[in-house]
Amino acid sequence: MAFPYLEAVLGESYWFREGFRVSLIAGFMIFMYFFETYLDIRQHAALKLTNLPKPLEGVISQEKFERARAYSIDKSCFHFIHEAVTILMDTAILCFGILPWFWKVSGNLVAYLGLDAENEIMHTLSFLAGVMIWSQQTIWLFFRDMFKGICLSILLGPPIVAAIIFIVQKGGPYLAIYLWAFMFALSLVMMTLYPILIAPLFNKFTPLPDGELREKIEKLAASLKFPLKKLFVVDGSTRSSHSNAYMYGFFNNKRIVLYDTLIQQCTNEEEVVAVIAHELGHWKLNHTMYSFIAVQILTFLQFGGYTLVRNSKDLFESFGFDTQPILIGLIIFQHTVIPLQHLVNFGLNLVSRTFEFQADAFAKKLGYAKALCAGLIKLQEENLSAMNTDPWYSAYHYSHPPLVERLAAIEEPDSKKED
C-alpha cells in the first residue's frame, strides 16, 4: 500500500476507495485556483500603477488615490494568502476524508448530549452548527452575531431542515418540483420577514428625518409611481465604511433603505438622490424581477440535477460516506457541478454589469448624470476602491462595471447603454 500510515489513521478515505470523482473535482478546483491566481497577479500589477486612469486625473486627488492604492495593494496581498490557505483546506477536506469525519463527529456530539444520533434532523443540525461556528471570523461581532445566529438557528433551523429531509424522503419522481416549490415559498416568506424581524436584530433601522433629502426622494419616487411607504437609514457604519442603498417589499408596500455612510460620504443631497435614482432604475426596468426569475430557474435546475445523483451509492462512497445523508448529498452535488457554477457565475456577472449600465442610463435620463458621476466618484474615494483595474480581472470577477467605464457611459452623449 502506497500510503499505509494514512490508511491506518483515516481508514477507507478517498485515497483507498473509488476516488476518481473526487480527484477530478479536486483537480478542477486546483486548475481554477491557478487560473484565478493568474488574474489576481494581473490585477495586483494594475493596482501598483502609480498614475490615475486618465478619466480620473484632476477629479480624484493624489492623496486619496495613494490611500486607495495602498489599501488595495494590502488587500490584494492578503487575498493571495487567503486563497492559498483556502485551496489547501478545500483540497484537504475533499482528499483526506475530513467531510465524512466532521459528519461523524457531529453525530457523536448528538449522542454525547443524550439525543438520538440516528435522527437525521438532529444530526444535520449538529453538523450545520459546527460549520457555522467554524466560519465565524471576527471578535465582538463573532460573539454578538453568534448568539443571535444560534437563536435564529434554533428557531428556524429544525422546521426548515425537517421539511427538506421529509420532502427528499417522500418526493419520489416529483422531488425537484417539491423542493423548488418549498424553497420558492420559503424565499417569499424570508423576503417578507427578514427586513422586518431579522435584519433589525443585527442593525438599527431609523426613519429618515424630515427635511430636503427626504422630500426629494419622495418626490422622485412619486414621479416614477414607485409605491414608497417607508424610508429608513441603517447604521451600516458599525460594520463597514462601504455605502449602499436598497429597496424591498412586495406590490404597493415598497421601502427604501439608505446606509448612514451613504449620507455621510455624499455631502451633496443631490448625489444621494442620484444614487436612489439609479436604484429605482433597477425597479423600473424590472431588473429585480428578472434576477429573481433567473435565481428560481437555476434553483430548479440544481434540484433537478440533485435528483439524478442522490441515490448514487458509489458517489457517496467516493467521498468517504457509508450512508447517504440528505444534506451531504446536496453538498456533494454542489461539488460535482463546480465547473458549471463558474460558467453560470460568469454569465450572471455579465448580465449584472449590463443592468448597472442600464440603471445608470435611467438616472441620466432623469437629469442626474452630473450628480450620479459625482456620487460614484465620492463613493469610490471613500470606500478606498481600486482606481486601476485589469480588464480581464474585472470582466471575470466584477458584478459592477469599473468606475472609469461607468463614467464614460454616463458622459457619452448618445450612449447605446441607454437603449
N/O donor-acceptor pair under 3.5 Å between Asp116 side chain and Glu118 backbone: yes

Could you walk me through whether Arg69 and Glu66 pass salt bridge (Lys or Arg N to Asp or Glu O under 4.0 Å), step by step? CA-CA 5 Å; Arg69 177 173 172 271; Glu66 291 296 339; 3.6 Å; yes

Please lay out, stage by stage, how Glu218 and Arg214 fare under the test salt bridge (Lys or Arg N to Asp or Glu O under 4.0 Å). CA-CA 6 Å; Glu218 290 177 339; Arg214 185 182 184 95; 3.0 Å; yes

With a 4.5 Å heavy-atom cut-off, do Lys254 and Met247 have their side chains touching? no

Return the minimal non-hydrogen interatomic distance between Asp40 and Tyr393, and the atom names on each side. OD1-CE1, 3.2 Å

Looking at every heavy atom in both Ser385 and Ser72, which two are closest together, and how far apart are they? C-OG, 4.1 Å

Can you list everything that forms a side chain to side chain contact (heavy atoms under 4.5 Å, CB included) with Leu327? Sequence neighbours excluded, please. Thr124, Phe127, Leu128, Ile331

Residues Val404 and Pro55: closest non-hydrogen pair is CG1-CG, 3.7 Å

Could you check whether any side-chain heavy atom of Asn119 comes within less than 4.5 Å of a side-chain heavy atom of Val110, counting everything from C-beta outward? no

Should we count CZ of Phe31 as having more than 12 external heavy atoms under 6.0 Å? no

How many angstroms lie between CG in Leu285 and CH2 in Trp283, if you round to the nearest 0.5 Å? 10.0 Å

Would you compute the distance between atom CD1 of Ile276 and atom CD1 of Ile217 and round it to the nearest 0.5 angstrom? 5.0 Å

Using 30° and 60° as the class limits, which term best fits the ring planes of Tyr246 and Tyr248: parallel, tilted or perpendicular? tilted

Please confirm whether His44 and Phe80 have ring centers closer than 6.0 angstrom. yes

Could you check Phe65 against Asn388 for side-chain contact (heavy atoms from CB on, under 4.5 Å), going step by step and ending with a plain yes or no? CA-CA 10 Å; Phe65 168 62; Asn388 290 298; 3.8 Å; yes

side-chain contact (heavy atoms from CB on, under 4.5 Å) evaluation trace for Phe321 with Lys104: CA-CA 10 Å; Phe321 288 88; Lys104 183 177 180 180; over 6 Å; no

Hey, what's the ring geometry for Phe355 with His287, parallel, tilted or perpendicular (30° and 60° as the breaks)? parallel

Are the side chain of Thr354 and the backbone N or O of Leu350 linked by a donor-acceptor pair below 3.5 Å? yes

What I'd like to find out is whether the side chain of Leu220 reaches to under 4.5 Å of the side chain of Leu366, using heavy atoms alone. yes

What about Tyr178 and Phe303, are their ring centers closer than 6.0 Å? no

Quick check against the 3.5 Å criterion: does Lys364 have a side-chain atom that pairs as donor or acceptor with the backbone of Ile410? yes

At what distance, to the nearest 0.5 angstrom, does CZ of Phe34 lie from CD1 of Ile41? 10.0 Å

Stepwise, does the side-chain contact (heavy atoms from CB on, under 4.5 Å) test hold for Phe232 with Thr206? CA-CA 5 Å; Phe232 292 110; Thr206 56; 6.0 Å; no

Would you mind checking if Arg406 and Asp360 are paired as a salt bridge, meaning a charged N to carboxylate O distance below 4.0 Å? yes

Rounded to the nearest 0.5 Å, how far does CG of Leu208 lie from NZ of Lys230? 14.0 Å

Any donor and acceptor pair, going by atom type alone, linking the side chain of Ser187 with main-chain N or O of Met183 inside 3.5 Å? yes

Going by atom types alone, do His282 and Tyr290 pair a side-chain donor with an acceptor below 3.5 Å? no

Closest heavy-atom contact between Ala395 and Phe346? O-CE1, 3.4 Å

Please tabulate, one pair per line, all N/O donor-acceptor pairs under 3.5 Å involving side-chain atoms of residues 156-168, not counting sequence neighbours.
none

Inter- and intrachain pairs under salt bridge (Lys or Arg N to Asp or Glu O under 4.0 Å), touching residues 390-402, at least two apart: Arg42-Asp390

Determine whether a donor-acceptor pair (N or O, by modelled atom type, separation under 3.5 Å) exists between the side chain of Lys64 and the backbone of Glu381. no

Is the number of heavy atoms from other residues, nucleotides or ligands within 6.0 Å of NZ (Lys284) greater than 12? yes

Could you walk me through whether His397 and Glu36 pass the side chain to side chain donor-acceptor pair (under 3.5 Å) test, one step at a time? CA-CA 9 Å; His397 283 291; Glu36 293 180 351; 5.2 Å; no

Under 4.0 Å between a Lys/Arg side-chain N and an Asp/Glu carboxylate O for Lys378 and Glu382? no

Measuring from Thr336:OG1 to Phe28:CZ, what's the distance to the nearest 0.5 Å? 12.0 Å

Walk me through whether Leu179 and Phe300 qualify under side-chain contact (heavy atoms from CB on, under 4.5 Å). CA-CA 8 Å; Leu179 275 176; Phe300 179 76; over 6 Å; no

Test item: Asn253 side-chain N/O and Gly249 main-chain N/O as donor-acceptor pair under 3.5 Å: no

Determine whether Leu94 and Met29 make a side-chain contact, defined as any pair of heavy atoms from C-beta on separated by less than 4.5 Å. yes

Quick one: salt bridge (Lys or Arg N to Asp or Glu O under 4.0 Å) partners of Glu120, sequence neighbours excluded? none

Listed partners of Glu411 passing side chain to side chain donor-acceptor pair (under 3.5 Å), at least two apart: none

Shortest non-hydrogen pair, Ala117 vs His123, comes out as O-ND1, 3.8 Å

Side-chain touch Phe226/Ile256, heavy atoms, less than 4.5 angstrom: yes

From Asn286 CG over to Phe292 CZ, what is the distance, rounded to the nearest 0.5 angstrom? 14.0 Å

Does any part of the side chain of His278, heavy atoms only, come nearer than 4.5 Å to the side chain of Phe362, both counted from C-beta? no

Side chain of Thr389, backbone of Pro402: donor and acceptor closer than 3.5 Å? no

Going through the distances and angles, do Arg353 and Glu405 end up as a salt bridge (Lys or Arg N to Asp or Glu O under 4.0 Å)? CA-CA 10 Å; Arg353 286 197 295 275; Glu405 294 182 18; 6.0 Å; no

Can you tell me which residue among Leu262, Thr261, Asp260 is in a side chain to side chain contact (heavy atoms under 4.5 Å, CB included) with Leu258? Leu262

Validation row: Tyr259, Gln264 side chains within 4.5 angstrom (heavy atoms): no

So, for Pro200 and Leu197, which heavy atoms are closest and what is the spacing to 0.1 Å? CD-C, 3.8 Å

Listed partners of Arg67 passing salt bridge (Lys or Arg N to Asp or Glu O under 4.0 Å), at least two apart: none

With distance as the sole test, does Thr91 use its side chain to make a donor-acceptor pair with the main-chain N or O of Leu88 at under 3.5 Å? no

Side chains of Met190 and Ile198: does their closest heavy-atom pair fall under 4.5 Å? yes

Any sub-3.5 Å donor-acceptor pair from Ser352's side-chain atoms to Leu348's backbone N or O? no

